[in-house]
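For reference, the structure is listed below as structure tokens.
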Amino acid sequence: GLLVASDIVRVDAELVAKWDDLYSDREIALVNIETLEGKSVVCKFKPMKEVEDNAKGIIQIPEKILRSLGTSEGKLVTVKPLVPPSEEDQD
């Protein structure tokens, strides 16, 4: 759409829910996206609201980020949450 931020990726909401369960004590605001060739970028993300059943595990990446990664639509990438250290880890 026209109002989509060019620096925010959209991640499958079920995957975001799993991250929330795993890291319930920490707020995840950034993800690291890495191509199979090893190029990576850190960016903000939002969960996708409505996803069709055949679109599970899909991530929507703006064209600007695709270009910086040197990849294109339909290519495999890995998406990992950047988890801040917990308060216990900082003691």
Side-chain angles (χ1 to χ4, degrees):
L2 295 174
L3 300 176
V4 176
S6 65
D7 62 342
I8 295 178
V9 298
R10 297 205 174 269
V11 179
D12 181 5
E14 284 187 26
L15 182 58
V16 174
K18 287 179 185 178
W19 292 344
D20 287 342
D21 287 345
L22 278 172
Y23 307 107
S24 58
D25 60 336
R26 300 174 238 179
E27 185 176 336
I28 302 167
L30 299 170
V31 292
N32 183 53
I33 302 170
E34 187 173 342
T35 65
L36 297 178
E37 292 79 28
K39 289 187 178 182
S40 66
V41 65
V42 173
C43 53
K44 298 176 189 175
F45 75 96
K46 287 187 177 180
M48 282 189 256
K49 290 187 172 85
E50 295 178 16
V51 179
E52 298 173 18
D53 285 339
N54 63 345
K56 300 287 185 208
I58 296 292
I59 179 172
Q60 295 174 343
I61 305 173
E63 190 66 36
K64 176 182 171 184
I65 296 174
L66 285 175
R67 281 194 303 269
S68 70
L69 286 169
T71 192
S72 59
E73 186 177 330
K75 300 283 185 172
L76 283 177
V77 295
T78 56
V79 181
K80 297 178 186 174
L82 291 182
V83 182
S86 69
E87 292 180 17
E88 296 169 0
D89 294 342
Q90 295 178 358
D91 291 340

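Remember, predicted model here, so these are calculated numbers, not experimental data.
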(message) Here's a test for you: under side-chain contact (heavy atoms from CB on, under 4.5 Å), which of Val9, Asp7, Ile8 qualifies with Cys43?
(response) Val9
(request) Drop me the distance from Leu66's CG to Thr71's OG1, to the nearest 0.5 angstrom. (result) 6.5 Å
(request) Check whether any side-chain heavy atom of Phe45 sits under 4.5 Å from a side-chain heavy atom of Val79, and report yes or no. (result) no
(message) How long is the straight-line distance from CG of Asp20 back to CZ of Arg26, given to the nearest 0.5 Å?
(response) 12.5 Å
(message) Please report the interatomic distance CG(Leu30) to NZ(Lys80), rounded to the nearest 0.5 Å.
(response) 15.5 Å
(request) Would you mind reporting whether Val31 and Trp19 have side-chain heavy atoms less than 4.5 Å apart? (result) yes
(message) With a 4.5 Å cut-off on side-chain heavy-atom distances among I, L, V, M, F, W and Y, is there a chain of contacts connecting Val42 to Tyr23?
(response) no
(message) Applying a strict under-4.5 Å side-chain criterion to I, L, V, M, F, W and Y, I'd like to know whether Ile59 and Leu22 cluster together.
(response) yes
(message) To the closest 0.5 Å, what do you measure between CD1 (Ile65) and CD1 (Ile33)?
(response) 5.5 Å
(message) Contact between Ile61 and Val77 at the side-chain level, heavy atoms closer than 4.5 Å - yes or no?
(response) yes
(request) Output the distance between atom CD (Glu37) and atom CG (Leu69), rounded to the nearest 0.5 Å. (result) 9.5 Å
(request) Could you tell me which non-hydrogen atom of Asp12 sits nearest to which non-hydrogen atom of Met48, and how far apart they are? (result) N-CE, 3.6 Å
(request) Over all heavy atoms of both residues, which pair between Leu82 and Ile28 is shortest? Give the atoms and the distance, please. (result) O-CG2, 4.0 Å
(request) To the nearest 0.5 Å, tell me how far Arg67 CZ sits from Ser72 OG. (result) 12.5 Å
